[in-house]
Every structure is written in structure tokens, then in C-alpha cells.
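Below: the structure, in C-alpha cells.
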Amino acid sequence: MAYKISDACLACGACVPECPVSAISEGNPYTIDADKCQDCGACAETCPAEAISPAK
């Protein structure tokens, strides 16, 4: 299951370097490529806005 980024995203970029598979793309809000995401949660742990969560 991939992670997703909600509209609470601040577009701060904190999550991008944390992703080991480069699945996060810049934007407002940022987006996570579900095909690349390995469900490690590193991005969610880093997000200051708590805008990243597992997709349901």
C-alpha cells in the first residue's frame, strides 16, 4: 500500500530527500508515485504538517 499526501502539505520539501526510491514529486501538494512507493513511511515521519499517511 502506497502513502499519499493530503492538501495539508506545505510543499516544504522535507519529505523528498527521505524517500529511498525517489517516489515524491514536487508540486502543491507534493505527490507520491504509488508504483514506486515501497511503503517504508520515511516521508511520513519527516512531514512537519503530518500531511502524509498510508493510502486506503
Side-chain angles (χ1 to χ4, degrees):
M1 174 175 23
Y3 275 66
K4 65 178 181 173
I5 301 176
S6 74
D7 289 338
C9 175
L10 303 173
C12 68
C15 58
V16 176
E18 299 303 315
C19 183
V21 294
S22 301
I24 302 172
S25 299
E26 292 183 26
N28 194 7
Y30 280 37
T31 57
I32 297 176
D33 183 332
D35 293 330
K36 289 183 181 179
C37 181
Q38 295 182 341
D39 195 30
C40 70
C43 57
E45 293 173 11
T46 297
C47 182
E50 298 180 357
I52 304 174
S53 61
K56 295 181 181 182

> Is a side-chain donor or acceptor of T31 paired with a backbone partner of G27 at a separation under 3.5 angstrom?
Replying inline: no
Value rounded to 0.5 Å, distance of [atom1] in [X] from [atom2] in [Y]:
X	Y	atom1	atom2	result
C19	Q38	SG	CD	8.0 Å
K4	K56	NZ	NZ	7.0 Å
S53	Y3	OG	OH	8.5 Å

Non-hydrogen atoms of [X] and [Y] that approach each other most closely:
X	Y	answer
A51	A8	CB-C, 3.7 Å
P20	C40	CD-SG, 3.9 Å
C15	I24	O-CD1, 3.6 Å
A23	C37	CB-N, 3.9 Å

> Is the number of heavy atoms from other residues, nucleotides or ligands within 6.0 Å of CG (D39) greater than 12?
Replying inline: yes
> For V21 and D33, what are the C-alpha separation, side-chain angles and deciding distance, and is it a side-chain contact (heavy atoms from CB on, under 4.5 Å)?
Replying inline: CA-CA 10 Å; V21 294; D33 183 332; over 6 Å; no
>> In the structure I gave you, are the side-chain heavy atoms of I32 and I52 within less than 4.5 Å of one another anywhere?
In response: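 Sidechains of I52 and I32: in contact.
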